[in-house]
Number of protein chains: 2
Amino acid sequence: MADTGEAENGVGAAPKGTVTQRAIEQIKAMIAEGRLEPGQRLPTERDLAARLGISRSSMREAIRALTVLGVLEARHGSGIYVTQLEAGDLLETFGVVADLSRGPRLVELLEVRRVLESTATALAAARITADQLAEVEKHLTAMNVTDDPEEILAHDLAFHRVIAGAAGNDTMAAILDGLSSRTFRARVWRGYEEEGAFARTRREHAAIHRALVARDPEAARAAAAAHVGEVEQWLRTQLREQL
Amino acid sequence: MADTGEAENGVGAAPKGTVTQRAIEQIKAMIAEGRLEPGQRLPTERDLAARLGISRSSMREAIRALTVLGVLEARHGSGIYVTQLEAGDLLETFGVVADLSRGPRLVELLEVRRVLESTATALAAARITADQLAEVEKHLTAMNVTDDPEEILAHDLAFHRVIAGAAGNDTMAAILDGLSSRTFRARVWRGYEEEGAFARTRREHAAIHRALVARDPEAARAAAAAHVGEVEQWLRTQLREQL
DNA sequence: GAGCTGTAGTGGTCAGACCACCTGGCTGGT
DNA sequence: ACCAGCCAGGTGGTCTGACCACTACAGCTC
């Protein structure tokens, strides 16, 4: 193994970017090409570093980067593994966008959510199972018997999560999950709920549930779009007033 | 070393996860709380490490992680800066999902794209400017006068990118950009274009363009949905046959 | 004043050491 | 033969300190 063989390396010597960046691309490529399967264990950090001719520190940075991206998973004392590469794993970082966005971008995010949530709810109306519907009802009633904002928020999230799951598109569900991250909603709702929006929210949720029971996709789409749209419009006016 | 630092830190001593993970959260929190503004320069790696009571190596891993997430940007010899935190910065990682997805998830991604692309195209029909429309036409004709798949692909991407940009929702545009990443499309198209789909694609693009010129959102929505839906359906049958 | 140059400071990389944790085999008993 | 407990090796996690590559800027030269 003349690893980075100094003289004759020819093409491979393309010094593009940092060595860490290169390592990231190489590992990503290995997975994309199927040389690394989901769940499979990678060589040790020390091995990988030696193999690519870089130091362990640099390799660790590459691994850390792929870890936060949800591509790899490091288990202390055991080894490094490729995740299952499922939608949830890879789209976890989507929450960061929601958490760090402010001002106009919050409206944009809600607009995206409105589009996706209404579609997901419509799909769910056609595909939801009895069990899933029962769970939706569970969160709906739980939301109505308490006044603790924290609890309401939790059941609200779960309510939509079950519906998104019933739509049968894990990728869409994962994106919606990110768009509804706890901190994101908490920030927006802090003001929203203080305007007597609780009652309205409950009405809207009931409408969504009704459409699901009736297995009416169009009604479900409309109800979901209206639900998100309410918050969206409220946020728009909020932003306008702040300026 | 007073390890967990000052007294006022309170609960901060909670030894949750790795020190690097903690550092990531702390920097993220600083940005979320507004203590770090977009574009602002951070202290040096050495300073940050000392401030959080960790080694430079660990801090570097944290910085690297936030760099790949598009939150920070490191400039060799100059310093570390917070990015503008625009949609494009933070959603760059979305391409990774598209690149590492295979099988059924590709269909799911196209389904998401169909929903968003049709909405974006509808919005664009109402908002697109003359200049943007001219650019759309440029890519449309350029796509029709060449037979080089690479070039066609490039103009195809640009065609949709301009439209997404004209929709006025940067976040949506950034997501669509990720969903149409070069490698993703190249993989799907490799087979698609070999079935005489070129002509059909050109017809569909022409239909989208017509709807934009007519400023007809509904027609634009339908044309875009049909366009993506074609590829989606083709992929569905492909997957079915492979099994 | 414009242009060059040197230098201090920054991120990038490397090497080696130690720690914390998991795993699997061995030991000893039953 | 079986099982619980111990133990050693290997792995990721962390720290240290050194050097390199690059940038920025002050100060010098012309």
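Throughout, protein chains are lettered first and strands after them, A, B, ... in sequence-line order, and every chain is numbered starting at 1.
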- Distance, nearest 0.5 Å, that separates CD of A:E86 from CG of A:L91: 11.5 Å
- Look at A:R60 and D:dG12 and indicate whether a side-chain polar atom (N or O) is within less than 4.0 Å of OP1 or OP2. no
- How close or far is atom P of D:dA21 from atom CD of B:E45, stated in whole angstroms? 17 Å
- In whole Å, what is the span from the CG atom of A:L42 to the C1' atom of D:dG10? 16 Å
- Message: Rounded to whole Å, please give me the gap between CD1 in B:I80 and P in C:dT10.
- Response: 10 Å
- Query: For B:R75, which contact category applies under a 4.0 Å heavy-atom criterion: base, sugar-phosphate, or nothing?
  - Reply: sugar-phosphate
- Message: Quick check: do A:E232 and A:R113 have side-chain heavy atoms less than 4.5 Å from each other?
- Response: no
- Under 4.0 Å between any heavy atoms, over every strand shown, what does B:I63 touch: base, sugar-phosphate, or nothing? Just pick one. nothing
- Here the distance between atom P of C:dT13 and atom CD1 of A:I24, to the nearest Å, is 10 Å
- Task: Provide, to the nearest angstrom, the distance between the CG atom belonging to A:L72 and the C1' atom belonging to D:dT11.
- Result: 15 Å
- Ignoring the backbone of B:T44, work out which of D:dT14, C:dC22, C:dT10 is nearest its side chain. C:dT10
- Query: So, for B:L109 and B:A98, which heavy atoms are closest and what is the spacing to 0.1 Å?
  - Reply: CD1-CA, 3.9 Å
- Which distance, rounded to the nearest 0.5 Å, do you find between the CD of A:E61 and the CD of B:E61? 6.5 Å
- Starting from C1' on D:dG12, measure out to CD on B:E61 and report it in whole angstrom. 10 Å
- Note on the structure: Of the candidates C:dG11, C:dC14, D:dT14, the side chain of B:S55 sits closest to D:dT14
- Taking only N and O in the side chain of B:S78, is any of them less than 4.0 Å away from OP1 or OP2 of D:dT23? no
Taking distance alone, no hydrogens or angles, what donor-acceptor pairs closer than 3.5 Å link side-chain atoms of residues 129-139 of chain B to residues at least two apart or in another chain?
residue	atom	partner	partner atom	Å
B:T129	OG1	B:Q132	N	3.2
B:T129	OG1	B:Q132	OE1	3.2
B:Q132	OE1	B:T129	N	3.0
B:E137	OE2	B:H209	NE2	3.1
B:H139	ND1	B:H155	ND1	3.0

- Residue A:A74, side-chain heavy atoms: nucleotide from D:dG12, D:dT11, C:dG11 that is nearest: D:dG12
- Note on the structure: Which of D:dT16, C:dT10, C:dC14 is nearest the side chain of A:V19? It is C:dC14
- Query: Does a side-chain N or O from B:S58 land closer than 4.0 Å to OP1 or OP2 of D:dG13, or not?
  - Reply: no
- Touch class at under 4.0 angstrom, heavy-atom based, for B:R46 against every strand present: base
- Candidates C:dC14, D:dA24, D:dC15 - which lies nearest the side chain of A:S57: C:dC14
- Item | Shortest non-hydrogen contact between B:M59 and B:E45, atoms and distance | CG-O, 3.9 Å
- Taking only side-chain nitrogens and oxygens of B:R64, does any of them come within less than 4.0 Å of OP1 or OP2 of C:dT13? yes
- Selection from C:dG11, C:dC21, C:dC14 that lies nearest to any side-chain heavy atom of A:H76: C:dC21
- Query: In whole angstrom, what separates B:D47's CG from C:dG11's C1'?
  - Reply: 13 Å
- Provide, to the nearest angstrom, the distance between the CG atom belonging to A:L52 and the C1' atom belonging to C:dG12. 17 Å
- DNA chain C nearest-nucleotide lookup for A:R56 and A:Q21: closer to the 5′ end is A:Q21
